[in-house]
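So the structure is just underneath, and the comments pick up after that.
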Amino acid sequence: MESRNEIIYRELETDIVNLKLRPGDMLSEHSLCDRFQVSRTPIRSVLQRLQGAGLVEIIPRKGTCVTRIRYHIVNQIIYLRIAVESAVIRDFIDICKPKDLIRVHHFLALMEEELKSYQSGNPPDPVYFYATDKAMHEVWYKVTQKAYLWEYIYSAKADYHRFCMLDMQGGYSYGGVSEEHRALVRAIEEKEKDSVEDLVRNHFERGVRRIGERVYTDLREYFDPQSLEI
């Protein structure tokens, strides 16, 4: 059973990563105590842990601020994912079994169902869609025994995962992403290893292309200004 501190941490982490708490928002210890019905001691412990994860900054005599996304870190994580995931998928093609492909298709189908809802006029749930997307990608990491690499990538919540949620919440092309997933799954099934890197690159770089110059205009408040100058 999770401790009370762990529950508070996970809830605040989720709110920050899903942008319910936006970059630049100030967190009040008093308000958090009221929200979770605890004293300041566990709240301060949780805030220190969130600071260690890069999600907040504790500013002496001012309070606690949700950190802004470091754009140069986002670009480096994308570079890393393209290199690593291309290699992982090629390894997956060599060793995957029918049951592994069934798991991939299961998550692909869940995303397709969410897309059908979107096409019928209902807005998709970006949190659900993103979680399902991650679950599909996780399959090839686990099958190839690269779970540590997956956890390392997944730990980049302060920057990369918030960037992905920002992309999904504004101008995200759900249909385009679903087509990218289908193309990638086809390449896996047909063992087209030579096409994997181009498909992976297109998939991960599209978010940067979609957001584009908006990091300097209407989305600028989400980003660490120094990271935009590099």
Side-chain angles (χ1 to χ4, degrees), residues 9-10 12-27 47-59 62-88 124-134 136-138 141 149-178 180-181 184 197-230:
Y9 177 84
R10 293 300 174 197
L12 289 176
E13 178 191 51
T14 298
D15 284 352
I16 294 170
V17 172
N18 293 340
L19 302 179
K20 186 175 180 180
L21 291 170
R22 295 167 28 144
D25 283 354
M26 297 299 296
L27 304 182
L47 291 177
Q48 288 171 354
R49 187 176 169 192
L50 288 168
Q51 179 171 246
L55 295 168
V56 305
E57 180 183 5
I58 300 172
I59 307 171
K62 289 187 178 181
T64 300
C65 179
V66 177
T67 57
R68 300 184 191 275
I69 300 168
R70 294 168 296 180
Y71 193 55
H72 66 293
I73 299 296
V74 172
N75 282 307
Q76 290 180 55
I77 294 295
I78 290 172
Y79 182 90
L80 175 67
R81 285 205 72 172
I82 292 169
V84 171
E85 197 138 339
S86 297
V88 168
D125 180 349
V127 175
Y128 172 80
F129 193 92
Y130 186 47
T132 308
D133 183 337
K134 288 191 296 184
M136 187 186 78
H137 284 259
E138 186 178 10
Y141 281 87
L149 289 176
W150 175 253
E151 291 301 322
Y152 179 82
I153 291 169
Y154 184 65
S155 69
K157 297 177 182 178
D159 301 293
Y160 179 67
H161 293 284
R162 285 195 292 168
F163 177 84
C164 292
M165 286 305 303
L166 182 61
D167 182 23
M168 286 192 168
Q169 292 180 14
Y172 187 80
S173 173
Y174 288 88
V177 171
S178 291
E180 291 165 17
H181 285 143
L184 194 52
E197 185 168 345
D198 285 342
L199 292 171
V200 171
R201 183 181 303 279
N202 181 60
H203 181 55
F204 288 121
E205 289 185 345
R206 182 171 291 221
V208 173
R209 294 197 298 271
R210 268 191 301 267
I211 288 183
E213 294 299 309
R214 295 179 67 200
V215 300
Y216 302 103
T217 57
D218 60 308
L219 297 180
R220 187 180 181 89
E221 64 182 16
Y222 286 89
F223 295 91
D224 176 355
Q226 290 185 339
S227 74
L228 298 177
E229 296 171 1
I230 295 176

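Source: prediction; values computed, not measured.
- Although no hydrogens or angles enter the test, the distance criterion places a donor-acceptor pair under 3.5 Å between the side chain of Thr67 and the main chain of Gly54.
- The CZ atom of Arg49 lies 7.5 Å from the CD atom of Glu13; values are rounded to the nearest 0.5 Å.
- Between Leu55 atom CG and Asp15 atom CG the span is 11.0 Å, to the nearest 0.5 Å.
- Here Glu180 pairs with His203, Arg206 under the side chain to side chain donor-acceptor pair (under 3.5 Å) rule; sequence neighbours left out.
- Ring planes of Tyr130 and His161: tilted class, angle from 30 to 60°.
- Residues Phe163 and Ile211 have side chains in contact (heavy-atom distance under 4.5 Å, counting atoms from C-beta outward).
- Residues Ile78 and Glu205 share a closest heavy-atom pair of CG2-CG, 4.2 Å.
- Summarising the geometry, atom CD1 belonging to Ile73 is positioned 9.5 Å from atom CG belonging to Asp224; distances are rounded to the nearest 0.5 Å.
- Inter-residue side-chain proximity for Phe223 and Arg214 is flagged as unmet; no heavy-atom pair is nearer than 4.5 Å.
- Among the candidates Asn18, Thr132, Leu19, the single residue satisfying the side-chain contact (heavy atoms from CB on, under 4.5 Å) test with Val127 is Asn18.
- Taking the charged nitrogens against the carboxylate oxygens, Arg201 and Glu197 do have a contact shorter than 4.0 Å, which makes a salt bridge.
- Under the 4.5 Å side-chain criterion, counting only non-hydrogen atoms from C-beta, His181 is in contact with His137.
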Show, in sequence, the C-alpha distance, side-chain angles and deciding distance for Val88 and Arg81, and conclude whether the side chain to side chain contact (heavy atoms under 4.5 Å, CB included) test is met. CA-CA 10 Å; Val88 168; Arg81 285 205 72 172; over 6 Å; no

### Residue pair Arg210, Val177: steps toward the side chain to side chain contact (heavy atoms under 4.5 Å, CB included) verdict
CA-CA 12 Å; Arg210 268 191 301 267; Val177 171; 4.0 Å; yes

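- Looking at Asp159, its side chain does come within 3.5 Å of a backbone N or O of Arg70 through a donor-acceptor pair.
- With rounding to the nearest 0.5 angstrom, the SG atom of Cys164 is 9.5 Å from the CD1 atom of Ile69.
- The distance from atom CG of Leu80 to atom CZ of Phe204, rounded to the nearest 0.5 Å, is 10.0 Å.
- A heavy-atom distance below 4.5 Å is not found between the side chains of Lys157 and Thr14.
- Nearest heavy atoms, Gln51 versus Ile58: OE1-N, 2.8 Å.
- The heavy-atom pair separating Cys65 from Ile59 by the smallest distance is CB-CD1, 4.2 Å.
- Panel note: side chain Arg162, backbone Ala158; a donor-acceptor pair is recorded below 3.5 Å.
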| request: Could you check Tyr141 against Val84 for side chain to side chain contact (heavy atoms under 4.5 Å, CB included), going step by step and ending with a plain yes or no? | output: CA-CA 10 Å; Tyr141 281 87; Val84 171; 3.9 Å; yes

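- Summarising the geometry of Met168 relative to Pro126, their closest heavy-atom pair is SD-O, 3.4 Å, with the distance given to 0.1 Å.
- Atoms CG and CD, from Leu149 and Glu151 in turn, are 10.5 Å apart once rounded to the nearest 0.5 Å.
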